[in-house]
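Here is the structure we will look at, set down as C-alpha cells.
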Amino acid sequence: MRIMIFTEVTAPYVCGVSSYVDVLRKGLEKLSHEVVIVTSSLKAEKPYYKDYIIRCPAKEANNKYGYECKNFSDENVIQFICALKPDIVHIHTDTKIGYMGLEVADRARVPVVFTIHDYFHDRFAADNRIVWKIKTFFEKRHFVDMLDNADVVTSSCSRAEMFVRRAKRKNEVKVVPCATDTELFTYRKYSQRNIGEIRDKLGLNRNSVAAVFAGSLSVEKNLEFALSAFSKYIKKTDNVQFLIVGDGTETEYLKGICRKLKIDDMVIFKSSVPNEEMPAIYSACDMYVCSYDDGLMSMSFGEAMACGLPVMVKEDNENIAYSMVEDGVNGFVYKNEEEFADYLKTFSKLSMKEKWHIRKTVRNTVPKDSCVSMAEEYIKIYKSISRNE
C-alpha cells in the first residue's frame, strides 16, 4: 500500500507527534509498504520533495507547534500528491496540513484515518480570556472537521473517546498503543564515563538524581505541577535536578515560574534537539516525569522506559495511569505534590547498583519490535476501509 501521512511537524522537531510518525513510518516500511510524509518547515522557501518527504513552507503561528503551513491549498502541491496515487490518507494534525490531507483524500477518492494526539481546549494560555475563547472556538472547529471527515479515528489512549464526546461527536476511537524504536532508544550504548560526559554538557551534576521531561512545552503538559512540587518539597541538599527538554508556547512562562519560585538553580531548560540525540539524554537521567491530568499516552513514555527510566505518572480519575505504568515495576503512580517529591528523594538514596538494576528491569518491560506491531495494527485498519480491497 502507499500511505500518505500528513503531519504539521516531523523530525528534528521534538514532540510526541513527530516521534509517533517516525516510528509508524519505520514499522510500515519494514512491512514493505510505501510511506510519503507531507509536512511543513520554517526552513523551506518553496515546496520540495526529497526522501519520501514533501516539505511545504511554514509561517510562525500561535499554536502548540509555533508554526503552520503557509498555503495548505497550494494547487501545485495538491496535484503532485494526488499524482502519487495514495491508497490511504493518514492525518496526524488538525492544523493547516490536516486540511491539505482532507483535500487530497477528496480529490484522490481515498479513505481518511485521523489520529488524535491532543485536544483543543488546553492549547492556549492567554491572559486575555476573550482571546482564549476565540482561539479555542477555532481549534474546536478544526478538531471537529477532522472527526467529521475521517473514515476511522484512532488514538494511543482510550481517553481520546472523552475528547470526541466533549466535541459532541459520536466517532468510535480505535486504540493503537504507542510503539517505541527500541533499536534507537537504549541505554546499553552508553558507559558510565559517557553518561558523566553527557551530564556535564547538559549542566547536570554527575552524582545528582536527574528527573527529565521531553516534549512540546504546552499548557496540557501541566509542568507547573512539577515545578510547584520542587519549590515546596525538594531542597538543594536533596540533590535532585529537573531537566526539561523541548520548546513550545509555555517556554518563557515556565522559566518565569522557576525564577519566581527560586528553583531556577535546580531546573535546567534545553531547547529541542534532534531525535537521535534523545537516547543519550534519557540515558544520562534517572527518572521520567509526567504531570498532566488528562493527556494521552505519551511517546516519550516508551522512549524513556526503553532507556531504562522509570516513569512517574499522575493518578487520574479514569485509572488510565495504571494502564500505562505498572506501579513499582516500570514506574510510579503518585497522587499529589508531596508524594511526587518523595519518590524523587527516595530514588536519590539508592546505590548505583540499585539504580542500574531498576534500569534493566524497566527496559525489559518494553516490547521488542513494537514499531512493527503498531504498523500491523494500522495495516488492518487501512485494509478495512481501503477502496482497493
Side-chain angles (χ1 to χ4, degrees), residues 14 185-215 223 225-246 254-255 257-259 261-271 273 276-291 300-301 303-313 325 327-334 337-366:
V14 176
F185 288 91
T186 176
Y187 67 89
R188 292 172 180 146
K189 299 177 183 177
Y190 307 98
S191 65
Q192 284 294 328
R193 180 178 177 180
N194 293 146
I195 288 174
E197 293 170 349
I198 296 166
R199 282 196 168 216
D200 291 342
K201 291 179 181 178
L202 293 171
L204 295 169
N205 298 330
R206 290 201 175 197
N207 62 344
S208 69
V209 165
V212 61
F213 166 84
L223 287 169
F225 174 94
L227 298 179
S228 176
F230 262 78
S231 68
K232 293 177 184 176
Y233 299 106
I234 296 178
K235 302 174 183 177
K236 293 180 182 179
T237 52
D238 290 321
N239 202 26
V240 177
Q241 292 178 286
F242 187 21
L243 175 65
I244 299 176
V245 182
L254 294 171
K255 289 180 179 179
I257 288 179
C258 290
R259 290 190 293 269
L261 297 177
K262 298 180 180 180
I263 57 172
D264 44 327
D265 55 344
M266 290 192 287
V267 182
I268 298 169
F269 286 84
K270 183 171 179 59
S271 297
V273 299
E276 58 266 22
E277 292 183 19
M278 286 307 302
I281 292 175
Y282 285 134
S283 298
C285 296
D286 300 291
M287 304 182 80
Y288 185 83
V289 167
C290 174
S291 53
S300 50
F301 266 47
E303 294 170 353
M305 287 193 289
C307 291
L309 272 62
V311 174
M312 296 179 59
V313 61
V325 172
D327 195 23
V329 178
N330 56 10
F332 307 97
V333 180
Y334 59 89
E337 292 180 358
E338 186 173 8
E339 200 167 277
F340 170 88
D342 285 343
Y343 276 125
L344 289 173
K345 289 188 286 188
T346 299
F347 209 84
S348 69
K349 297 179 175 64
L350 299 178
S351 67
M352 186 60 67
K353 184 177 180 180
E354 289 171 320
K355 290 178 184 177
W356 277 91
H357 175 72
I358 290 174
R359 193 168 290 247
K360 183 178 179 181
T361 300
V362 172
R363 166 72 185 195
N364 288 339
T365 66
V366 179

## Note on the structure
Minimal heavy-atom distance between A284 and L202, with the atoms involved, is CB-CD1, 4.5 Å
### Message
With rounding to the nearest 0.5 angstrom, report the NZ to CE distance, K355 to M352.
### Response
5.5 Å
### Message
Would you say NZ of K189 has more than 12 non-hydrogen atoms from neighbouring residues, nucleotides or ligands within 6.0 angstrom?
### Response
yes
### Residues in ring pair (Phe, Tyr, Trp, His ring centres under 6.0 Å) contact with Y343, at least two apart in sequence or another chain
F332
### Task
Say whether, by atom type as modelled, one donor and one acceptor occur between the side chain of D238 and the main chain of K345 under 3.5 angstrom.
no
### Task
Quick one: which residue pairs count as a salt bridge (Lys or Arg N to Asp or Glu O under 4.0 Å) with a foot in residues 191-205, not counting sequence neighbours?
R193-E197, R199-D286, D200-R206
#### Entry: Residues in salt bridge (Lys or Arg N to Asp or Glu O under 4.0 Å) contact with K235, at least two apart in sequence or another chain
none
### Query
Which residues satisfy the side chain to side chain contact (heavy atoms under 4.5 Å, CB included) test with M278, sequence neighbours excluded?
F185, A214, V245, V273, N275, I281, Y282
### Query
What residues form a side chain to side chain contact (heavy atoms under 4.5 Å, CB included) with I268, not counting sequence neighbours?
L204, Q241, L243
### Message
Minimum heavy-atom separation for I263 and L227, please, with both atom names.
### Response
CD1-O, 3.4 Å
### Query
ring pair (Phe, Tyr, Trp, His ring centres under 6.0 Å) with Y190: which residues, sequence neighbours excluded?
none
### Task
Could you list the residues that satisfy side-chain hydrogen bond (donor to acceptor under 3.5 Å, both in side chains) with S300, not counting sequence neighbours?
Y288, S298
### Query
Nearest heavy-atom pair of I234 and A341: which atoms, and what distance?
CG1-CB, 3.8 Å
### Task
Supply the atom-to-atom distance C290 SG to M312 CE, rounded to the nearest 0.5 angstrom.
10.0 Å
### Contact summary for C285 and A210, nearest pair of heavy atoms
CB-O, 3.5 Å
### Query
In chain order, what residues pass the side-chain hydrogen bond (donor to acceptor under 3.5 Å, both in side chains) check against K255, with sequence neighbours excluded?
none
### Query
When rounded to the nearest 0.5 angstrom, what is the spacing between CG in L254 and CG in D264?
13.0 Å
### Query
Nearest 0.5 Å, what's the OG-CD distance between S231 and E337?
7.0 Å
### Spatial distance of atom CD1 (I244) from atom OG (S271) [nearest 0.5 Å]
12.0 Å
### Query
Just wondering, do V325 and F301 contact through their side chains at under 4.5 Å, heavy atoms?
yes
### Query
ring pair (Phe, Tyr, Trp, His ring centres under 6.0 Å) with F269: which residues, sequence neighbours excluded?
none
### Message
The criterion is side-chain hydrogen bond (donor to acceptor under 3.5 Å, both in side chains); which residues satisfy it with K236, sequence neighbours excluded?
### Response
D265
### Query
Is the Y334 ring parallel, tilted or perpendicular to the F225 ring (thresholds 30°, 60°)?
parallel
### Query
Just wondering, do P310 and F347 contact through their side chains at under 4.5 Å, heavy atoms?
yes
### Task
Please name all residues satisfying side-chain hydrogen bond (donor to acceptor under 3.5 Å, both in side chains) with E354, sequence neighbours left out, ordered by chain then number.
S351
### Query
Does the side chain of S191 come under 3.5 Å of the side chain of N194 through a donor N or O and an acceptor N or O?
yes
### Message
Tell me every residue that passes side chain to side chain contact (heavy atoms under 4.5 Å, CB included) with A211, counting only those two or more places apart in sequence or in another chain.
### Response
F242, V289, L344
### Task
Answer yes or no: is there a donor N or O on one side and an acceptor on the other, between the side chain of R363 and the main chain of C307, under 3.5 Å?
no
### Test log, rule side chain to side chain contact (heavy atoms under 4.5 Å, CB included), inputs V212 and M287
CA-CA 6 Å; V212 61; M287 304 182 80; over 6 Å; no
#### Entry: Approximate separation, where rounding is to 0.5 Å, of L223 CG and C258 SG
9.5 Å
